[in-house]
Amino acid sequence: MAFDFSSRHVFVAGGSSGINFGIAQAFACAGANVSLISRSADKVAAAAAQIQSLGVQALGMAADVRQPEALQGAFAAAAERFGPIDVLVSGAAGNFLARALDMSPNAFKTVVDIDLLGSFNVARLAHPHLRKPGASIVQISAGQSFTPTPYQAHVCAAKAGVDMLTRVLAQEWGAEGIRINSIVPGPIADTEGLKRLAPTDGTLDAMAQRVPLKRLGRIEDIARMAMVLASDWGSYVTGAVIPVDGGLALTGPRDFTAAAEASRQARV
Ligand code: HXC
Ligand code: NAP
């Protein structure tokens, strides 16, 4: 399936690496102008330069999704450069393995602030700049949203909130012609997120074997679903939470005890 996003404006929050950067690259290959934000000015500038090398325009800006003023400035600058936002990908996130009793209140709050409050900030502050009608918001969630997972209390709480936000905003913003959906990636190879949950070859193999399709996901698996949702092929889909996970959501809670121990030993 060939997608054409020529001259459309795609804004990716948390877009300087991993899955979100792969999504940005896929839209760029389909002709989109791309705006990216993340915390690190160097990382986001390098990511924007890589997008530009694909032959499209790109704007990289340092902004933390926990800082509304910085975000507001980034959305204004992006809209001035490329016009209204056609596709908003919201995927800034943080994670580490820890039991609830090993998390300080600030540790729990940090992940909730980035993943959940950050997603609200991104959607809320993008709203004035979204194309109406026609904009599509793609939230990048995680299976922890619906699978209660030890060592992941912060991410479970935050991503459950992200998906509820998807369902509420689909109703509040539907009349303006704005669609919003969540993609729930499975374990995606060669990403920071998976490295944190499966830090050794053993834990990585166990993860892949748990997936009904018996393989880790690829970044392009997620990028393709984002493009379907953002294109006319997804024009009657809103408020949906869609696993793209090889069937992992069917298998119940995972045991991260070995992975947590491996992470702890790597840190000492
Ligand atoms: C317990 C920890 C901890 C750990 C940090 N903290 N790591 N507590 N165990 N392993 C605590 C700190 O002690 C501190 O609490 C609080 O968390 C905030 O830490 P900071 O380092 O000051 O926060 P910050 O600089 O904002 O960094 C946020 C971060 C960091 C989440 C902690 O890891 C980060 O920037 N991550 C971004 C990259 C990332 O995680 N990518 C993966 C996304 S994948 P105190 O009380 O000491 O102040 C994902 C999961 C999806 O989201 C599922 C994948 C399958
Ligand atoms: P990643 O490479 O670490 O991506 C996270 C991105 O968010 C980076 O660009 C990071 O850049 C940015 N970011 C982090 N905190 C931010 C903040 N406060 N403000 C703005 N930007 C911030 O991780 P990934 O594994 O690809 O994960 C991407 C998304 O997929 C996340 O939403 C994650 O929950 C989800 N997911 C991943 C997997 C997986 O297997 N990897 C599985 C399920 C879900 P800076 O450091 O420059 O800020």
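First listed ligand is number 1; within each ligand, the first listed atom is number 1. Numbers for residues simply follow the sequence, beginning at 1.
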Quick one: does K109 get within less than 4.0 Å of ligand 1, heavy atoms only?
no
Which heavy atom of F146 sits nearest to which heavy atom of A249, and what is that distance?
CE1-CB, 3.6 Å
Worked check of side chain to side chain donor-acceptor pair (under 3.5 Å) between S16 and S38
CA-CA 6 Å; S16 64; S38 83; 2.9 Å; yes
Should you measure from each heavy atom of G193, which atoms of ligand 1 turn up under 4.0 Å away?
42 (C), 44 (S)
Minimum heavy-atom distance between R81 and Q57, given as atom pair plus value
NH2-OE1, 3.3 Å
If I compare all heavy atoms of C29 with all of L54, which pair ends up nearest, and what's the gap?
SG-CD1, 4.1 Å
Polar side-chain atom of N20 near backbone of G14 as donor-acceptor pair, under 3.5 Å
yes
among protein heavy atoms, the one nearest atom 51 (C) of ligand 1 is A142 CB, 3.9 Å
So H154 and F108, would you call those rings parallel, tilted or perpendicular, with 30° and 60° as cut-offs?
parallel
I would like to know whether R210 and D255 meet salt bridge (Lys or Arg N to Asp or Glu O under 4.0 Å); could you show each step before the answer?
CA-CA 11 Å; R210 200 181 161 84; D255 180 357; over 6 Å; no
Can N121 and Q67 be counted as having a side-chain donor-acceptor contact under 3.5 angstrom?
no
Atoms of ligand 1 close to D102 [distance to a heavy atom under 4.0 angstrom, numbered from 1]
1 (C)
Atoms in ligand 1 flagged as close to T110, the criterion being non-hydrogen separation under 4.0 Å:
16 (C), 18 (C), 23 (O), 26 (O), 28 (C)
Would you mind running through ligand 1 and noting each atom that sits below 4.0 Å from a heavy atom of R66?
26 (O)
Hydrogens and angles aside, do S40 and D42 bring a side-chain donor and acceptor to less than 3.5 Å of each other?
no
Closest non-hydrogen protein atom to atom 49 (C) of ligand 1, residue and atom name please, with distance?
N95 CB, 3.6 Å
Starting from atom 9 (N) of ligand 1, what is the nearest protein heavy atom, named by residue and atom, and what distance separates them?
F96 CD1, 3.6 Å
Under 3.5 Å: donor-acceptor pair, side chain of K214, backbone of Q209:
yes
Which residue and non-hydrogen atom of the protein lie closest to atom 43 (C) of ligand 1, and at what distance in Å?
A93 O, 3.9 Å
What do you reckon, does E192 put a non-hydrogen atom under 4.0 Å from ligand 1?
yes
How far is atom 48 (O) of ligand 1 from its nearest protein heavy atom, and which residue and atom is that?
N106 ND2, 2.9 Å
Is atom 2 (C) of ligand 1 near the protein, in the sense that some protein heavy atom lies at less than 4.0 Å from it?
yes
For atom 19 (O) of ligand 1, is there a protein heavy atom at a distance under 4.0 Å?
no
If the cut-off is 4.0 Å to any non-hydrogen atom of L197, which atoms of ligand 1 fall inside it?
53 (C), 54 (C), 55 (C)
Check this for me, if you would: do R66 and D113 make a salt bridge, where the nitrogen-to-carboxylate-oxygen distance has to be below 4.0 angstrom?
no
Is the closest heavy atom of Q144 to ligand 1 under 4.0 Å?
yes
If you have a sec, work out which protein heavy atom is nearest atom 36 (N) of ligand 1 and how many Å separate them, to one decimal?
R196 NH1, 3.7 Å
Distance from atom 25 (O) of ligand 1 to nearest protein heavy atom, with residue and atom:
R39 NH1, 4.4 Å
Can you see which heavy atom on L125 is nearest to which on P68, and at what distance?
CD1-O, 3.5 Å
Could you identify the single nearest non-hydrogen protein atom to atom 31 (C) of ligand 1 and state the distance to 0.1 Å?
G94 CA, 3.7 Å
Between V162 and L116, which heavy-atom pair has the shortest distance, and what is it?
N-CD1, 3.6 Å
Could you check if a side-chain atom of T110 sits within less than 4.5 angstrom of a side-chain atom of V112, using non-hydrogen atoms only?
no
Protein non-hydrogen atom below 4.0 angstrom of atom 12 (C) of ligand 1 present:
no
Distance-minimising heavy-atom pair for I37 and L71
CD1-CD2, 3.6 Å
Among all the protein's heavy atoms, is there at least one whose distance to atom 22 (O) of ligand 1 comes out below 4.0 Å?
no
Side-chain donor-acceptor contact under 3.5 Å, Q144 with T149
no
What do you reckon, are the aromatic ring centroids of F11 and H129 less than 6.0 Å apart?
no
Ligand 1 versus A107: contacting region, heavy-atom distance under 4.0 Å:
both
Expected contact list for ligand 2 at under 4.0 angstrom, heavy-atom basis, is G14, S16, S17, G18, I19, N20, S38, R39, S40, K43, A63, D64, V65, R66, G91, A92, A93, I114, I140, S141, A142, K159, P185, G186, P187, I188, T191, E192, G193, L194
Can you list the ligand 1 atoms lying under 4.0 Å from a non-hydrogen atom of S104?
15 (O), 45 (P), 46 (O)
Return yes when L194 approaches ligand 1 closer than 4.0 angstrom through a heavy atom, no otherwise.
no
